[in-house]
Protein chains: 2
Amino acid sequence: MESQDLKKAGLKATLPRIKILNILESSPARHMSAEDVYKALLEGGEEVGLATVYRVLTQFEAAGLVERHHFEGGHSIFELNDGDHHDHILCVKCGRVDEFMDDVIEQRQHQIAEEKGYNITSHSLYIFGICRKCQK
Amino acid sequence: MESQDLKKAGLKATLPRIKILNILESSPARHMSAEDVYKALLEGGEEVGLATVYRVLTQFEAAGLVERHHFEGGHSIFELNDGDHHDHILCVKCGRVDEFMDDVIEQRQHQIAEEKGYNITSHSLYIFGICRKCQK
DNA sequence: GGCTATAATGAGAAGCGTTCGCATTAGTGT
DNA sequence: ACACTAATGCGAACGCTTCTCATTATAGCC
């Protein structure tokens with residue numbers, strides 16, 4: 001029952017929100033743009049406005065249900081927040097995205113923040129490269 | 001003689017390019033948006049179009065004179081490339097930007113890329129936090 | 001279970017940073 | 001100095017995102 005998840009997050013259980021959450025949970029792609037979600041809704045025969053998709057995703061982000069990543073070119077992609085933090089490595093040729101997590105890097109970041117007098121709130125790390133397939 | 005630098009970079013030494021390079025070199029701020037550069041030109045009484053600023057900065061980037069960073073909110077900032085690589089730590093309250101460089105993190109990144117089968121081309125790392133001043 | 005206050009929605013317009021198209025202007029090599 | 005080509009300036013167009021506002025749906029009370 002999705003509506004419970006939404007209520008827990010402090011959000012009214014409206015139809016668009018439930019549908020969008022469904023899309024995010026059932027989509028094979030972990031990383032989706034607002035446009036992707038919108039298209040998936042249309043393909044499912046749902047009547048939801050693009051503006052609503054943006055609003056809902058922003059609310060999901062604020063509620064911690066979803067993480068927003070700022071990609072180059074000025075567009076955002078969203079990813080279900082399943083609790084475990086990770087960073088991304090992506091292929092500059094085909095756009096493939098992989099995930100990784102490295103304790104050493106995480107640790108160093110905190111150390112650096114401390115050295116510089118910052119109270120760290122978050123970070124964003126992307127490695128760009130050419131994936132195995134595209135190297136051939 | 002700036003024009004030499006431009007020629008070396010394979011760019012014609014035009015007035016707008018020289019002026020923009022000057023701004024970047026003489027500005028107290030290491031990190032400038034296209035708009036910032038544009039404003040600085042206007043304040044200096046120069047007649048340069050905003051489109052040209054964007055074009056020139058993009059060319060400078062391609063030529064390796066400048067580095068472009070994609071900030072949240074969909075706008076880019078540019079920074080003179082003085083050869084030594086570094087990453088950024090920034091304050092989410094006041095927008096202050098500091099730089100750092102960590103060999104351990106650099107190394108781990110290469111290792112991760114290798115593990116994942118990627119041929120690394122670049123990376124982008126931002127640490128977000130609250131700076132000393134804003135913590136008070 | 002219906003009813004009302006209130007918050008959420010949809011559609012299109014507007015906003016923002018950035019890029020494009022094209023006629024005009026300026027730099028370069030001879 | 002000249003002609004060829006590339007660079008510029010302007011405004012219009014772009015893509016993504018957010019806003020506005022009238023309409024619709026939800027939550028809580030009776």
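Quick note on labels: first sequence line is chain A, next is B, and so on, each numbered from 1. Being a predicted model, the structure only gives us computed values, none of them experimental.
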Which pairs with one or both residues in residues 88-98 of chain A pass salt bridge (Lys or Arg N to Asp or Glu O under 4.0 Å), sequence neighbours excluded? A/R96-A/D98
Can you pull out every salt bridge (Lys or Arg N to Asp or Glu O under 4.0 Å) where at least one residue sits in residues 9-18 of chain B? Sequence neighbours excluded, please. none
Just to verify, what does B/E46 make a side chain to side chain contact (heavy atoms under 4.5 Å, CB included) with, not counting sequence neighbours? B/K19, B/L41, B/V48
Can you list, by chain and residue number, the hydrophobic cluster partners of B/L90 when the side-chain cut-off is 4.5 Å? B/F71, B/I77, B/V92, B/V97, B/Y126, B/F128, B/I130
Spacing of [X] atom [atom1] relative to [N] atom [atom2], expressed in whole Å:
X     : N      : atom1 : atom2 : answer
A/I18 : D/dT26 : CD1   : C1'   : 11 Å
B/H70 : C/dT18 : NE2   : C1'   : 12 Å
A/H75 : C/dG17 : NE2   : C1'   : 15 Å
A/K7  : D/dA27 : NZ    : C1'   : 8 Å
A/R68 : D/dT17 : CZ    : P     : 7 Å

Can you name the residues that form a salt bridge (charged side-chain N to carboxylate O under 4.0 Å, His left out) with [X], not counting sequence neighbours?
X      : result
B/D87  : none
A/E114 : none
B/R132 : none

End-to-end axis angle, where each axis spans five pairs of the helix from C/dG1-D/dC30 to C/dT30-D/dA1, to 10°: 40°
Would you say A/Y54 places a side-chain N or O within less than 4.0 Å of OP1 or OP2 belonging to D/dT17? yes
Heavy atoms under 4.0 Å, any strand shown: does A/S76 hit a base, just sugar-phosphate, or nothing? sugar-phosphate
Side chains of A/E106 and A/H85: do they bring a donor and an acceptor to under 3.5 Å? yes
Produce a footprint string for nucleotides 6-13 of chain C: one letter per nucleotide, 5' end first; B if the base is under 4.0 Å from any protein heavy atom, S if only the sugar-phosphate is, - if neither. -SSBBBB-
